[in-house]
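Heads up: the structure comes next, in structure tokens.
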Amino acid sequence: MSIVLDSKIPSGPLEQKWSKHKMDSKLINPANKRKFSVIVVGSGLAGGAAAASLAELGYQVKCFCYQDSPRRAHSIAAQGGINATKNYQNDGDSVRRLFYDTIKGGDFRAREGNVYRLAEVSNSIIDQCVAQGVPFAREYGGLLDNRSFGGSQVSRTFYARGQTGQQLLIGCYQALEKEIHKGGVKMFARTEMLDLVLVNGHAKGIVTRDLTNGKISTHAADAVILATGGYGNVFFLSTNAMGCNVTAAWRAARRGALFANPCYTQIHPTCIPVSGDYQSKLTLMSESLRNDGRIWVPKSKEAAAKLRNKQISPNDVPEDQRDYFLERKYPSFGNLSPRDISSRAAKEVCDDGRGVAPTGLGVYLDFRDATERLGEATIRSRYGNLFQMYEKIAGEDPYKGPMMIYPAVHYTMGGLWVDYNLMSNVPGLHVLGEANFSDHGANRLGASALMQGLADGYFVIPTTIANYLVTQKPGTVTTDMPEFKQTETETRERISKMFTIQGKRTVDSFHRELGMTMWDKCGMARSREGLTEALEKIPQIREEFWNNVLIPGSGESVNMELEKAGRVADFLEFGEMMCYDALEREESCGGHFRTEHQFFENDPEVIAGSTQAGEAKRHDDQFSHVACWEYQGDSPPVLHKEPLVYEDVHVSIRSYA
């Protein structure tokens, strides 16, 4: 297919682009809105907000989620907070500052126009959520409270203790349920999208499977919205819920949607370390803990060995023998340095033999000083549920000693390519939230995921979707059309093929093998040699999967092994594209760290003090672009490039020292 990458960024001054675009966007009068139907796949913050907002406008909406309730969407797991530029703390925050922090935090690999719009609508999100009754934390006088997150020197993060995502999702869920009750939204829970239906090259429907009875169905609409989250579970072990998957996005990619920057994955620095091969997921400890917690390891390898063997306790290590390595390396931001930088710093000290976990992969997050300064009651009020969660999982009381943490896969900045209207290169297919690539570049700042999801759902897509719908005649596509029958047949054949294999290995064993390969070769540190090995290994795993996987039962009832098998099959294809992207991008930026491309002691930038040895080394002359990959079946994917143009920001070496 012929692909033209037009970002549709409006002309004019950066501060006026979104206002200009809203003014120039097409309108559909209320009576005509009722004639259009929209499918929304996903019911988290992006999908739920979009479904509720579009239904309020008058569109007929069908919303799908594989969970048993929209309230179980993975947005509920977000802990720390949501950014906005209210500047309640009077500490110098502004839309411009949030915009710049986000661009810089993404290592200058995001579009200016999209990021500025995100910062611009952030305040409206807080107003919307407060109106819904979201119980944000408040100061003694009743005003909304804020705290700091990584990559920022102001306090702009609104929060509800350590369960901000849950409270935001409840507000979104209530708005969605209101529209379900009114009839504007028809909800399909426990229903998984298995393919995208194209009619004359336009996205006009989906194929689904009812997870309770196995029924395969097709659904038609005038436009399709995917808000299905990220693909972090390609690594098997991640902080994502075990059901999180790439299937909806990958099915769209197989139908022609471009996948942008798939190698941009975020490793979160504060997670509970891996403790054994029996684990199926990892647990996040909120970045908000880094407001008051100090991260350290002992200065000597001997002390680290004693800590690993439990010959001494962390409280036995004298203050002058502790290396607060983030404060040492990045004094301006300290423990609130961005996630990619903090994660690599933790890996660096563990690689140096100073890790404190039994595996050697762990550092301390210590609240001793904050407790002495503020009192235990204050720490409990801020982080009580997080401390309780840690104690239940790790079996240690974080009020009496430090937490043990280590980086883990958490978020994915890559996703389906979209333009300023949030529409992919496939007409009619819109992509919101973590499922698209648009706002975070090569690294997302903390507390920006919730911001993007709600911005896309509440404020962007209700305006921009009309630009596509006005070109369509409503209701002209039905499930009786041959394209729907053909796609449904292909889905049934794929499921049938899985059941005929009757091999000897479980789905989880393949997922774990893929995940270990991805983590070792395309994880926190990557190299040409490792990525080349991964591109040889993944097709071998995939081939064995299709010849030796065992799926018990049938497809005509609840069958979780079948659900997992479909998702792992897609990961086995997607993982290969991800490695191609990481191999092609011969630079280090944000969460993508190529060991060949880092600053060394003899580099002039290091000698001049602009950066430090070991930091990511970009090559702006070659890679200041969005890498958009086109699926090619059994052949390697084809790369298309969207140049990144910076008119308002001076691109520089990212420094947090």
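Please read all numbers here as calculations on a predicted model, not as lab measurements. One-based numbering along the sequence shown.
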For [Y], is there any backbone N or O sitting under 3.5 Å from a side-chain donor or acceptor partner on [X]?
X: Arg109; Y: Gly590; answer: no
X: Asn240; Y: His410; answer: yes
X: Tyr231; Y: Pro262; answer: yes
X: Ser337; Y: Gly334; answer: yes
X: Asn335; Y: Arg290; answer: no
X: Asp340; Y: Asn443; answer: no
X: Ser448; Y: Arg444; answer: no

- prompt: How are the rings of His592 and Tyr264 set to each other: parallel, tilted or perpendicular (split at 30° and 60°)?
  reply: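 Correct class here is tilted.
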- prompt: Relative to the ring of Tyr420, is the ring of His21 parallel (under 30°), tilted (30 to 60°) or perpendicular (over 60°)?
  reply: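 Judged by the thresholds at 30° and 60°, the geometry between His21 and Tyr420 is perpendicular.
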message: Is there a ring-ring contact (aromatic ring centres under 6.0 Å, His included) between Phe259 and Phe437? Walk through the geometry before answering.
response: CA-CA 8 Å; Phe259 218 109; Phe437 87 99; over 10 Å; no
Using the test salt bridge (Lys or Arg N to Asp or Glu O under 4.0 Å), find all partners of [X] that sit at least two apart in sequence or belong to another chain.
X: Glu112; value: none
X: Asp91; value: none
X: Asp570; value: Arg251, Arg494
X: Arg156; value: Asp93, Asp101

Ring pair (Phe, Tyr, Trp, His ring centres under 6.0 Å) partners of [X], counting only residues at least two apart:
X: Tyr88; answer: Phe158
X: Tyr173; answer: none
X: Tyr411; answer: His440
X: Phe593; answer: none

Distance-only check: which donor-acceptor pairs under 3.5 Å involve side-chain atoms of residues 453-463, not counting sequence neighbours?
| from | atom 1 | to | atom 2 | distance (Å) |
| --- | --- | --- | --- | --- |
| Asp456 | OD2 | Gly433 | N | 2.9 |
| Asp456 | OD2 | Gln452 | NE2 | 3.3 |
| Tyr458 | OH | Gln132 | NE2 | 2.8 |

message: Show me the pairs that pass ring-ring contact (aromatic ring centres under 6.0 Å, His included) and involve residues 389-409, at least two apart or across chains.
response: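 Pairs touching residues 389-409 that pass the test: Phe387-Tyr399.
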Residue pairs, two or more places apart or on separate chains, that pass side chain to side chain donor-acceptor pair (under 3.5 Å) and touch residues 179-194: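 For residues 179-194: Glu192-Arg567.
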Could you measure the distance from the [atom1] atom of [X] to the [atom2] atom of [Y]? Nearest 0.5 Å is fine.
X: Asp210; Y: Phe64; atom1: CG; atom2: CZ; value: 11.0 Å
X: Ile405; Y: Thr270; atom1: CD1; atom2: OG1; value: 5.5 Å
X: Cys129; Y: Ile82; atom1: SG; atom2: CD1; value: 5.5 Å

Partner of Phe136 by side chain to side chain contact (heavy atoms under 4.5 Å, CB included), out of Asp145, Asn146, Ile126: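 Single side chain to side chain contact (heavy atoms under 4.5 Å, CB included) partner of Phe136 among Asp145, Asn146, Ile126: Ile126.
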task: Determine, step by step, whether Tyr656 and Tyr330 satisfy the ring-ring contact (aromatic ring centres under 6.0 Å, His included) criterion, reporting the C-alpha distance in whole Å, the side-chain angles of both residues, the deciding distance to 0.1 Å, and the verdict.
output: CA-CA 6 Å; Tyr656 292 92; Tyr330 312 107; 7.4 Å; no
Contacts under 3.5 angstrom, residues 40-59 side chains, donor-acceptor by atom type, not counting sequence neighbours:
| from | atom 1 | to | atom 2 | distance (Å) |
| --- | --- | --- | --- | --- |
| Ser53 | OG | Ala49 | O | 2.8 |
| Glu56 | OE2 | Lys178 | NZ | 3.0 |

